[in-house]
Amino acid sequence: MLQDEFNDIERNRYEKMLALREAGIEPYPTRVIKTHTTAEAIAAFESAEKAAQAAGESALAEPVKATLAGRLRAIRNMGKLSFAHIEDRDGKVQLLFRLDELGAERLAQFVNDFDLGDYIETSGEMFRTRRGEVTLQVMNFKMIAKALLVLPADKDEVVNGETVRHSTLTDPEIRFRQRYVDLAVNPEVRETFKVRAETVKALRSFLDERSFVEVETPILQPVYGGAAAKPFTTYHNQLKQELFLRISFELYLKRLVVGGIDRVYEIGRDFRNEGVSFKHNPEFTQLEFYMAYADYLTIMELTEQMVSEVAQKVLGTQIIRFDGHEIDLTPPWRRLTIRQGLIEQAGVDINDYPTAEALSAVLKEKGIAHKPDAPRGKLIGLLMEEYLEPTLIQPTFLMDYPRDISPLAKNVPGDPNTVERFEGFIAGVELCNAFTELNDPIEQQNRFIEMGRAYASDDEERHPLDEDFVRALAYGMPPTGGFGMGVDRLVMFLTGNHNIREVILFPHLRSTREEDEETKTDTK
RNA sequence: GGUCCUGUAGCUCAAUUGGCAGAGCAAGCGCCUCUUAAGCGUUAGGUUUUCGGUUCGAGUCCGAACAGGAUCACCA
């Protein structure tokens with residue numbers, strides 16, 4: 001029980017709450033009145049002030065009355081006078097409780113009943129203090145929600161117009177497990193998630209404006225595919241069926257293109273049963289879109305337009321700062337083939353090494369560890385990671401990928417080893433992945449079979465053959481360009497966060513013993 | 001999964017060679033009618049993550065577990 005674990009401070013608050021109720025004051029009342037947000041109240045007062053000034057009056061024509069509601073974030077009791085700040089979605093406003101105005105009994109009620117973190121409804125008149133801060137002179141107030149637990153201490157100091165925070169919550173474990181506390185005390189975290197919401201909205205409207213149709217496809221799938229990743233498995237009890245959580249939307253979205261929804265997109269969650277890192281969370285948000293009568297060159301143009309427009313809308317600029325770099329998202333982005341990039345950065349022309357064996361020798365020479373039976377494409381991937389990707393700071397489309405690691409992409413005409421695929425890189429990190437979609441059903445079937453053979457030694461990475469997807473292609477899919485992007489990654493770039501957990505509200509953490517025990521008792 | 005680092009009051013952090021576990025904020029009490037990291041005085045607050053070991057004595061050394069972080073591996 002919550003009460004059993006209270007410390008002295010929390011017990012004191014709990015008892016205050018009970019005492020209020022005893023005295024006939026409900027600490028969690030049902031209704032609340034709020035005429036202005038904090039920012040609206042300040043704006044209303046300032047415009048009244050301006051109007052008075054324009055009329056040459058020293059006093060307002062009539063007082064600006066407001067009823068505000070919010071969380072108490074600072075209290076400064078001064079005996080016969082109390083200052084406080086409340087916070088709501090718009091910001092903060094100062095309250096002034098005066099003995100003259102309220103009387104000794106009411107003032108004492110504020111001082112005694114209220115603690116930092118409590119929610120208060122308060123009404124009065126706006127005025128400006130001698131130090132110049134727009135403030136609510138409190139005439140009435142009431143508790144609207146008592147906080148029993150104590151928020152971490154944090155104080156803002158304004159130094160030369162800059163807000164400096166003092167010893168606020170930084171422990172990542174509490175910040176992510178109890179994100180509500182993090183959000184409550186760290187306004188910049190709230191800001192990050194506002195940017196995230198705006199980003200998703202801007203992506204949607206970009207695609208909507210171009211006649212893309214937003215759809216939702218199955219998360220629980222009998223056959224997974226569209227990426228080379230290990231899936232989570234689950235089980236439908238009544239159907240006695242093993243199911244997979246999707247690792248991509250690709251195969252379902254292309255079925256929809258076959259069905260005639262020739263511009264289609266989905267924003268949703270993918271699940272990959274792999275290691276976690278600063279850029280990987282087991283569930284992450286993906287945007288995929290498919291555009292018929294287009295190829296990867298069309299998609300490249302659309303991508304640079306989309307990302308730069310989203311940045312402009314959300315941040316008001318196309319210049320972002322990330323990892324100490326100033327990055328310019330303005331189109332056009334640099335286009336670089338993998339072959340050319342590797343010639344420049346690694347001094348290797350992959351065309352000189354047409355077999356995995358030949359390339360393997362090059363990697364050995366350069367001291368890059370790899371599995372002896374790795375396909376040629378994987379070896380090229382290792383070279384890219386080592387020499388090429390870290391150099392791609394400004395937005396770059398890295399294009400023309402090895403065929404054997406891209407089973408869903410169409411060949412570059414006349415080049416059997418290379419497919420029309422690109423990945424967008426910013427600050428050395430992959431942002432998106434796109435290709436000219438393979439629409440030849442027989443070729444697609446062969447590629448699945450090839451992949452199955454290539455990964456036969458490692459069951460978990462095996463690409464399952466999705467027969468229904470092949471059948472769909474056999475009904476005819478127009479030439480199509482497809483695109484996938486990690487939305488979390490984009491938000492990382494736009495907000496300057498280096499860890500994906502900073503842009504996911506509830507990132508995955510190992511369960512605690514407490515949670516394990518709760519699960520046990522639940523199933524009893 | 002490997003390697004390295006970290007875990008001390010509600011929060012942020014100290015603690016000398018192994019020798020009485022401390023500060024600021026937050027909290028309680030007192031004073032204070034324009035404060036804003038309010039101020040002054042005062043009081044309380046600890047299973048040093050957990051379990052075990054070494055030692056006269058462990059926050060500190062050793063082992064294990066748990067959690068977090070960094071990095072590598074994995075990851076189109």
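Quick note on labels: first sequence line is chain A, next is B, and so on, each numbered from 1. Keep in mind it's a predicted model, so treat the numbers as computed, not measured.
- With respect to Glu125(A) and Lys65(A), a salt bridge is recorded, a charged nitrogen being found less than 4.0 Å from a carboxylate O.
- Residue-to-nucleotide proximity on RNA chain B shows that, of His280(A) and Gln94(A), the 5′-proximal contact is made by Gln94(A).
- Aromatic ring centres of Phe6(A) and Tyr14(A) lie closer together than 6.0 Å.
- Both Asp100(A) and Val164(A) lie near RNA chain B, and the one whose nearest nucleotide falls closer to the 5' end is Asp100(A).
- Taking the P atom of each, G24(B) and A44(B) are spaced 14 Å apart, rounded to whole Å.
- Within the structure, every side-chain polar atom (N or O) of Arg76(A) is placed at least 4.0 Å from both OP1 and OP2 of G39(B).
- Judged by distance alone with a 3.5 Å cut-off, no donor-acceptor contact links the side chain of Thr168(A) to the base of U12(B).
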*List the steps and the verdict of ring pair (Phe, Tyr, Trp, His ring centres under 6.0 Å) for Phe289(A) and Tyr265(A).*
CA-CA 4 Å; Phe289(A) 69 74; Tyr265(A) 76 99; 8.1 Å; no
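- Within 4.0 Å (heavy atoms only), Ser277(A) reaches no atom of the nucleic acid at all.
- OP1 or OP2 of A76(B) has not a single side-chain nitrogen or oxygen of Arg272(A) nearer than 4.0 Å.
- Between the C1' atoms of G7(B) and U47(B), the separation comes to 15 Å (whole Å).
- Glu173(A) has its CD atom 13 Å from the P atom of A70(B), to the nearest Å.
- Remark: of the listed residues Arg175(A), Arg177(A), Arg190(A), Arg175(A) is the sole one forming a side-chain hydrogen bond (donor to acceptor under 3.5 Å, both in side chains) with Asp182(A).
- Using C1' as the reference atom, C20(B) and U48(B) are 15 Å apart when rounded to the nearest Å.
- Taking atom CZ on Arg128(A) and atom P on U36(B), their separation rounds to 18 Å, with Å as the unit.
- The side chain of His85(A) lies closest to U36(B), out of A37(B), U36(B), U33(B).
- Whole-Å rounding puts the Ile368(A) CD1 to C74(B) P distance at 12 Å.
- For His166(A) and U36(B), the NE2 to P distance is 13 Å, given to the nearest whole Å.
- Annotation: side chain of Leu473(A) is not in contact with side chain of Val470(A) (no heavy-atom distance under 4.5 Å).
- Here Gly381(A) lies out of heavy-atom contact (under 4.0 Å) with every strand.
- At a cut-off of 3.5 angstrom, counting only N and O atoms as typed in the model, there is no donor on one side facing an acceptor on the other between the side-chain of Glu133(A) and the base of U35(B).
- One can place CZ of Phe425(A) at 12 Å from P of A76(B), the figure rounded to the nearest angstrom.
- Taking atom P on both nucleotides, A65(B) is separated from G2(B) by 10 Å, rounded to a whole Å.
- Taking the charged nitrogens against the carboxylate oxygens, Glu274(A) and Lys230(A) have no contact shorter than 4.0 Å, which rules out a salt bridge.
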*Both distances under 3.5 Å, Watson-Crick or G-U wobble: on that basis, could you give the dot-bracket string for RNA chain B, with [ ] for crossing pairs and | for other-strand partners?*
(((((((..((((.....[..)))).(((((.......))))).....(((((..]....))))))))))))....
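- Ring geometry for Phe469(A) against Phe448(A) counts as perpendicular: the plane angle is over 60°, on a 0 to 90° scale with 30° as the lower cut.
- The C1' atoms of A67(B) and C61(B) are separated by 23 Å, rounded to the nearest whole Å.
- Nearest nucleotide to the side chain of Lys230(A), out of G10(B), U35(B), C74(B): C74(B).
- Within 4.0 Å (heavy atoms only), Phe6(A) reaches no atom of the nucleic acid at all.
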_I need a per-nucleotide contact map over nucleotides 27-32 of chain B, read 5' to 3'. Cutoff is protein heavy atoms under 4.0 Å; write B for the base, S for backbone only, - otherwise._
SS---B
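- Spacing between A70(B) and C62(B) at atom P, rounded to whole Å, works out to 25 Å.
- Using a 4.5 Å heavy-atom cutoff, the side chains of Asp115(A) and Arg13(A) are in contact.
- Closest approach to the Leu169(A) side chain among A67(B), U12(B), U36(B) is made by U12(B) (side chain taken as heavy atoms from C-beta onward).
- Within residues 151-159 of chain A, the residues having any heavy atom under 4.0 Å from RNA chain B are, by residue number, Pro152(A), Ala153(A), Lys155(A), Asp156(A), Glu157(A).
- For the pair Lys92(A) NZ and A37(B) P, the interatomic distance rounds to 11 Å; values are reported in whole Å.
- Residues Leu408(A) and Lys254(A) form a side-chain contact, since some pair of their non-hydrogen atoms from C-beta on lies under 4.5 Å apart.
- A cation-pi contact links Arg421(A) to Tyr401(A), judged by a cut-off of 6.0 Å to the six-membered ring centre and 45° from its axis.
- Annotation: side chain of Ile120(A) is in contact with side chain of Phe110(A) (closest heavy-atom distance under 4.5 Å).
- Comparing C56(B) with A15(B), their P atoms are spaced 27 Å from each other, to the whole Å.
- Figure legend: cation-pi geometry between Lys366(A) and Tyr387(A), with NZ or CZ positioned under 6.0 Å from the six-membered ring centre and within 45° of its axis.
- Of the side-chain N and O atoms in Arg131(A), one or more sit less than 4.0 angstrom from OP1 or OP2 of U35(B).
- Between Tyr296(A) and Phe422(A), the ring planes are tilted. Angles from 30° to 60° get that label.
- Between Phe141(A) and Phe114(A), the ring planes are perpendicular. Angles over 60° get that label, and only those under 30° would be called parallel.
- Within the 3.5 Å criterion, the main-chain N or O of Val419(A) finds no donor-acceptor partner in the side chain of Arg403(A).
- Within the 4.0 angstrom heavy-atom criterion, no nucleotide atom of any strand lies near Ser82(A).
- For Arg130(A), whose side chain is taken as the heavy atoms from C-beta onward, the closest listed nucleotide among A67(B), C34(B), A76(B) is C34(B).
- Taking atom C1' in both U71(B) and C75(B), one finds a spacing of 16 Å when rounded to whole Å.
- Of all nucleotides listed (C75(B), A76(B), U35(B)), U35(B) comes nearest to the side chain of Phe83(A).
- At A76(B), none of the side-chain N or O atoms of Ser406(A) fall inside 4.0 Å of OP1 or OP2 (strictly under the cut-off).
- When rounded to the nearest whole Å, the span between CD of Glu389(A) and C1' of A76(B) equals 10 Å.
- One interatomic measurement links the two molecules: CD1 of Ile174(A) to P of C13(B), which rounds to 11 Å at whole-angstrom precision.
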